[in-house]
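Below, each value reflects all heavy atoms present in this structure, side chains not excepted, and no hydrogens, waters or symmetry copies. In listed order, ligands and their atoms are each counted from 1.
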Amino acid sequence: MADHSALEFRNAGFHYPRCDWVFRNANLRIDGGITSILGPNGQGKTTLLRCIAGLTRLSEGTVTHDAAIGYVPQASASNFAYSVFDMVLMGRAKKVSAFATPSRADAARTREILERVGIAELATRSFAELSGGQRQLVLIARALVSDCNFLILDEPVSALDLRNQARVLELLRNLATEGMGILLTTHHPDHVLHLGGRAVVMRSVDDIRVGSVPELVTDDVLSELYGIDVVSTTVDDRGGPRTVLYTRYDTFADTAPAAPSLQKVFR
Ligand SMILES: Nc1ncnc2c1ncn2[C@@H]1O[C@H](COP(=O)(O)OP(=O)(O)OP(=O)(O)O)[C@@H](O)[C@H]1O
């Protein structure tokens with residue numbers, strides 16, 4: 001698996017028809033390893049991902065990459081009556097020539113990935129009848145079976161219970177160790193600390209920062225980004241001291257969202 005793929009935005013901007021810019025003047029380089037995108041609701045995380053994956057065309061600027069991208073959308077309700085096995089097998093479509101049927105090797109790879117994602121027992125179930133969390137795991141499997149080398153995931157754990165969140169985080173870390181590039185959006189800064197690597201912080205239309213997680217994902221940045229007090233503390237974990245985040249939910253009413261003073265935090 002290649003470990004040198006990079007995604008690059010130059011002077012990139014996007015707006016929906018007859019709407020304001022979602023982002024503009026974005027210059028970002030995202031290398032292999034794990035990169036997590038943080039930003040408030042509606043800031044443009046999904047739009048940015050879709051532009052990087054080539055599913056949505058930029059309004060200005062360029063996006064370049066040399067990666068085979070696997071895209072995992074947010075899991076949503078579905079009427080697809082396909083079995084889970086067939087849904088995942090469809091991820092092989094690019095590998096199967098037109099009018100050909102999937103080979104034994106395609107089916108074997110599908111079984112292997114179902115095992116790896118921990119959903120082998122769902123193989124014969126109808127995708128339409130799955131829970132949101134189960135669907136999310138199936139969509140991850142469908143991207144992986146394409147043998148991509150850069151996985152782009154939109155809120156991959158948003159519908160998952162704690163154990164399945166841990167399962168997906170572990171899977172992403174292992175894939176990154178094997179050389180897969182990982183780019184994800186999340187509303188869980190604690191997951192970003194756990195994953196390490198790099199972060200993209202979407203602060204405003206023309207203020208998108210990239211940096212290492214320790215440098216960028218700090219109390220001050222998070223508090224100003226979400227407009228609520230977030231404090232980090234150190235706990236003794238089995239592996240030694242670990243930084244964890246504590247959100248002071250009771251500060252909701254007295255904290256202004258996204259204060260302009262964020263500039264000083266980034267300086
Ligand atoms: N099809 C569309 N047409 C017009 N505006 C859109 C469309 N899709 C999204 N938007 C707007 O673009 C902005 C960015 O949306 P996007 O879904 O990328 O944000 P996000 O950061 O992923 O949000 P969330 O965290 O809530 O998932 C929002 O203001 C949203 O209302």
field: Numbered atoms and elements of ligand 1 in range of Gln43, under 4.0 angstrom, heavy atoms
entry: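 In order of number, 19 (O), 21 (O).
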task: Determine the minimum heavy-atom distance between Val192 and Ala199, stating which atoms define it.
output: CG1-CB, 4.4 Å
query: If you look at every heavy atom in Leu160 and Gly133, which pair is closest and at what distance?
result: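 Closest heavy-atom pair between Leu160 and Gly133: CD2-O, 3.3 Å.
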query: Quick one: does atom 31 (O) of ligand 1 have a protein heavy atom under 4.0 Å from it?
result: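 No.
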For [atom], which protein heavy atom lies nearest, and how many Å away is it?
atom: atom 17 (O) of ligand 1; answer: Thr46 CB, 3.8 Å
atom: atom 11 (C) of ligand 1; answer: Tyr16 CE1, 4.0 Å
atom: atom 26 (O) of ligand 1; answer: Asn41 ND2, 2.9 Å
atom: atom 19 (O) of ligand 1; answer: Gly44 N, 3.2 Å
atom: atom 16 (P) of ligand 1; answer: Thr47 OG1, 3.7 Å

task: Using distance alone, determine whether Cys19 and ligand 1 share an N or O pair under 3.5 Å.
output: no
query: Looking at ligand 1, does any of its N/O atoms fall within less than 3.5 Å of an N/O of Gly42?
result: yes
- prompt: What's the verdict on side-chain hydrogen bond (donor to acceptor under 3.5 Å, both in side chains) for Thr185 and Asp154, showing C-alpha distance, side-chain angles and the deciding distance?
  reply: CA-CA 5 Å; Thr185 61; Asp154 197 359; 2.8 Å; yes
field: CG/Asp237: more than 12 non-hydrogen atoms of other groups inside 6.0 Å
entry: yes
query: Parallel, tilted or perpendicular: which describes the rings of His15 and Trp21, with under 30° parallel and over 60° perpendicular?
result: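 Answer is perpendicular, since the angle exceeds 60°.
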- prompt: Would you call the rings of Phe14 and Tyr16 parallel, tilted or perpendicular if under 30° counts as parallel and over 60° as perpendicular?
  reply: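 Judged by the thresholds at 30° and 60°, the geometry between Phe14 and Tyr16 is perpendicular.
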- prompt: Any Lys/Arg nitrogen of Glu170 or Arg116 sitting under 4.0 Å from an Asp/Glu carboxylate oxygen of the other?
  reply: no
message: Heavy atom to atom 27 (O) of ligand 1, shortest distance: which of Lys45, Glu155, Arg50, His187 holds it?
response: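 Going through Lys45, Glu155, Arg50, His187 one by one, Glu155 has the nearest heavy atom to atom 27 (O) of ligand 1.
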query: Would His191 and Gln165 count as having a side-chain donor-acceptor pair, cut-off 3.5 Å?
result: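 Checked: His191/Gln165 side chains pair up, N/O donor to acceptor below 3.5 Å.
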- request: Quick one: look at Met202 and ligand 1, take heavy-atom pairs under 4.0 Å, and tell me if it's side chain, backbone, both or neither.
  value: neither
query: At a non-hydrogen distance cut-off of under 4.0 Å, which region of Pro40 contacts ligand 1 (side chain, backbone, both, or neither)?
result: backbone
